[in-house]
Amino acid sequence: MSMIAAFYSNKSILITGATGFLGKVLMEKLFRTSPHLKVIYILVRPKSGQTLQERVFQILNSKLFERVKEVCPNVHEKIRPISADLNQRDFAISKEDMQELLSCTNIVFHCAATVRFDAHLREAVQLNVTATQQLLLMASEMPKLEAFIHISTAFSNCNLSHIDEVIYPCPVEPRKIIDSMEWLDDSIIEEITPKLIGDRPNTYTYTKALGEVVVQQESGNLNVAIVRPSIVGATWQEPFPGWVDNLNGPSGLIIATGKGFLRSIKATPMAVADLIPVDTVVNLTIAVGWYTAVHRPKSTLIYHSTSGNLNPCNWYEMGLQVLATVEKIPFESAFRRPNADFTTNNFTTQYWNTVSHWAPAIIYDFYLRLTGRKPRMLKLMNRLLKTISMLEYFINHSWEWSTNNTEMLLSELSPEDQRVFNFDVRQLNWLEYIENYVLGVKKYLLKEDLAGIPKAKQHLKRLRNIHYLFNTALFLIIWRLLIARSQMARNIWFFIVSFCYKFISYFRASSTLKRRRGCLQHG
Ligand SMILES: CCCCCCCCCCCCCCCCCCCCCCCCCCCCCC(=O)SCCNC(=O)CCNC(=O)[C@H](O)C(C)(C)COP(=O)(O)OP(=O)(O)OC[C@H]1O[C@@H](n2cnc3c(N)ncnc32)[C@H](O)[C@@H]1OP(=O)(O)O
Ligand SMILES: NC(=O)C1=CN([C@@H]2O[C@H](COP(=O)(O)OP(=O)(O)OC[C@H]3O[C@@H](n4cnc5c(N)ncnc54)[C@H](OP(=O)(O)O)[C@@H]3O)[C@@H](O)[C@H]2O)C=CC1
């Protein structure tokens with residue numbers, strides 16, 4: 001029997017960010033391994049014209065939750081959505097709901113955040129710092145609370161190259177930042193943002209670091225732990241391999257590569273690609289919840305959920321495997337044949353952007369105009385390049401994360417728990433994982449049917465022929481223009497033609513001679 005699964009039985013759990021990528025996998029695993037848990041409260045806001053109930057219904061009826069229903073048929077009765085907006089005072093939770101949350105919650109998993117790299121500092125502070133502070137305040141009024149688990153990111157201290165499982169101080173106190181957001185107007189905040197974030201690349205990593213300091217400063221007597229995942233990718237094993245449902249991290253770039261939009265990207269090929277499967281992060285998080293509640297460590301423990309120091313894979317290996325997979329299992333309606341490469345300096349990046357991204361987009365838009373359709377490729381390409389510029393920092397730097405606490409926790413688990421809540425990244429086979437990831441992107445993000453693979457292959461063949469035809473035509477046109485304008489090009493042309501002529505004549509003459517000799521010998 002799993003000790004961890006037994007621990008969560010009969011527990012009331014509060015999850016923020018349960019409608020997000022990580023939150024959904026966390027909820028799924030908790031229900032599947034501890035079907036006798038009492039209730040999971042989730043803080044949800046109405047969104048995209050959907051009510052709370054509709055959002056929950058959609059999640060429970062998704063492919064991700066298929067296995068849960070087998071072990072926990074009454075899952076819909078055990079999930080209690082609470083209307084909340086983490087940007088509002090007291091999260092805009094009704095008095096009755098708040099009362100129930102405060103009096104019943106045993107464990108809190110705080111996953112909600114804005115993960116956008118371009119978020120305005122005010123928005124990022126509100127969600128990643130102030131909301132964390134408010135949630136801790138709420139938690140301090142929960143008499144039955146056993147553990148508060150905060151999800152941060154391994155990149156919260158990405159300004160350092162070696163990162164330990166400790167909370168690093170921030171130059172400006174989070175409380176001062178929170179206060180200043182109250183009275184500074186947007187334009188002043190924009191002006192001071194670069195100074196505040198310093199050598200971090202964006203407001204996301206900066207505010208996640210502030211969030212950690214808030215956890216440290218405001219947790220009082222609570223049992224608190226922080227989990228820091230690196231780049232969270234599709235599921236490795238559970239509930240099935242390759243599940244993913246958003247474009248964050250590598251997923252969007254895998255699509256862009258497979259569809260032939262992305263042809264080059266600036267990267268350090270030998271830098272470690274610190275990806276971590278979402279189910280590995282979730283297993284660690286659940287184990288951390290158990291350990292924090294049962295063992296009550298004296299200080300706030302930080303757990304790195306990273307892969308680089310135990311089972312490294314670099315961007316080159318990852319890129320190659322992505323390309324190999326989309327060759328074997330192509331995506332439908334590709335724009336060009338998938339064939340990307342890494343660039344390593346600004347000059348080649350600009351060159352390949354012009355030749356491989358903008359030029360084909362402009363030509364395609366011209367074709368769309370000619371055929372009476374609305375041009376759209378250049379706009380799409382510019383958005384892709386903007387996205388890449390935001391992600392580039394993470395594929396051009398290397399980090400080393402120590403994982404002592406995570407390894408210690410693994411050793412504290414019984415063999416059964418190590419199996420059920422496996423977060424030992426040393427067992428991960430990268431090539432298999434990336435192949436399943438690409439397949440998952442095709443199935444769950446692009447919603448493409450595997451039956452369409454022969455047609456997709458046919459389409460790629462057509463694209464290859466168009467590519468050859470286009471290149472030949474382009475070469476001939478350029479050459480013709482050159483010959484018309486330059487004496488040197490003409491000389492080269494005559495030299496090549498006369499060389500070819502002589503070459504052919506020589507072979508003709510020697511083969512005639514051989515034939516005659518043969519006739520003479522036989523005759
Ligand atoms: C023999 C020699 C052979 C040599 C061969 C060598 C091999 C070479 C092969 C090279 C091939 C390359 C292969 C490729 C794949 C490999 C994988 C590389 C991946 C690297 C990824 C690194 C990633 C990152 C890091 C994260 C670190 C921190 C982790 C965290 O803690 S947080 C979680 C991560 N958060 C995010 O990822 C959020 C990022 N997104 C944003 O901030 C925003 O979305 C935005 C990028 C700023 C864009 O904002 P906008 O307002 O402009 O738009 P919006 O969000 O509404 O979206 C606009 C459209 O863009 C689409 N989109 C969104 N995100 C992405 C994305 N990540 N990638 C692509 N597209 C994206 C979105 O869908 C919208 O599209 P539309 O609906 O059509 O308009
Ligand atoms: N994905 C990754 O690569 C990594 C993620 N992390 C961390 O993991 C955690 C989860 O990330 P992930 O699941 O990927 O992110 P998602 O963007 O998928 O999910 C974010 C969640 O936060 C909720 N949320 C956002 N704003 C509000 C609000 N105002 N009120 C209520 N809920 C809100 C979202 O709700 P809604 O559905 O309504 O938008 C959603 O459920 C975050 O803390 C992130 O920093 C750390 C490292 C890497």
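Start at 1 and go down the list; that is how both ligands and their atoms are numbered.
- Every atom of ligand 2 is numbered from 1 in the order shown, and the set under 4.0 Å from a heavy atom of C111 is 9 (C), 10 (C), 42 (C), 43 (O).
- For atom 19 (O) of ligand 2, the nearest non-hydrogen atom from the set A18, P229, G20 comes from G20.
- Of the heavy atoms in S152, only backbone atoms (N, CA, C, O) come closer than 4.0 Å to ligand 2.
- In this structure, of I42, D85, L26, T19, the residue bringing a heavy atom nearest to atom 29 (N) of ligand 2 is D85.
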Cut-off 3.5 Å, no hydrogens considered: what does the side-chain donor-acceptor table look like for residues 292-305, sequence neighbours left out?
unit_1, atom_1, unit_2, atom_2, d
T292, OG1, V288, O, 2.6
H304, ND1, S402, O, 2.7
H304, NE2, R228, NH1, 2.8

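- Atoms of ligand 2 lying under 4.0 Å from any heavy atom of T153, numbered from 1 in the order shown and given with element: 46 (C), 47 (C).
- Ion pairing of D279 with K29 is absent here, as no side-chain N (NZ or NE/NH1/NH2) approaches a carboxylate O to less than 4.0 Å.
- Close approach of ligand 2 to A113 (heavy-atom distance below 4.0 Å) involves ligand atoms 20 (C), 22 (O), 25 (C), 42 (C), 43 (O), 45 (O).
- With ring centers used as reference points, F109 lies 6.0 Å or more from W290.
- Annotation for ligand 2: atoms under 4.0 Å from non-hydrogen atoms of N87 are 29 (N).
- Between R55 and K47 there is a side-chain heavy-atom pair separated by less than 4.5 Å.
- Heavy atoms of V232 found under 4.0 angstrom from ligand 2 belong to the backbone as well as the side chain.
- Only the side chain of K208 comes within 4.0 Å of ligand 2, counting heavy atoms alone; its backbone N, CA, C and O stay farther away.
- With a 4.0 Å cut-off on non-hydrogen atoms, L127 touches ligand 2 through its side chain and not its backbone.
- Contacts between S230 and ligand 2, counted as non-hydrogen atom pairs separated by less than 4.0 Å, involve the backbone only.
- Evaluation of the ring pair (Phe, Tyr, Trp, His ring centres under 6.0 Å) rule for F148 yields no partner, not counting sequence neighbours.
- A salt bridge does not link K176 to E173: none of the charged nitrogens lies less than 4.0 Å from a carboxylate oxygen.
- A donor and an acceptor atom, one from each side chain of S230 and T306, are nowhere located under 3.5 Å apart.
- Counting atoms of ligand 2 from 1 in the listed order, those under 4.0 Å from a heavy atom of I151 are 7 (C), 8 (O), 9 (C), 43 (O).
- Across the listed options S251, P46, G17, G17 owns the non-hydrogen atom lying nearest to atom 21 (C) of ligand 2.
- Nearest to atom 32 (N) of ligand 2 by heavy-atom distance, out of K24, R45, R228, is R45.
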Inset, instruction - Carefully, step by step, assess I149 and V227 under the rule side chain to side chain contact (heavy atoms under 4.5 Å, CB included). - result: CA-CA 7 Å; I149 311 304; V227 176; 3.9 Å; yes
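- Interface atoms of ligand 2 facing R55, defined by a heavy-atom separation under 4.0 Å, are 36 (P), 37 (O), 38 (O).
- Of the N or O atoms in L86, one or more lie within a sub-3.5 Å distance of an N or O in ligand 2.
- Inspection of the Q427 and N422 side chains reveals an N or O donor paired with an N or O acceptor under 3.5 Å.
- The option with the heavy atom closest to atom 5 (C) of ligand 2, from among F109, F91, Y204, is Y204.
- Here the two rings, on F117 and F155, have centers that are 6.0 Å apart or farther.
- We find that D341 and R263 are not joined by a salt bridge, their nearest charged nitrogen and carboxylate oxygen being 4.0 Å or further apart.
- When only interatomic distances are considered, the shortest N/O to N/O separation between I231 and ligand 2 does not fall below 3.5 Å.
- Taking any N or O of L43, backbone or side chain, none lies under 3.5 Å from an N or O belonging to ligand 2.
- Here R80 pairs with E100 in a salt bridge; the nearest charged N to carboxylate O distance falls below 4.0 Å.
- Of the heavy atoms in N246, only side-chain atoms (C-beta onward) come closer than 4.0 Å to ligand 2.
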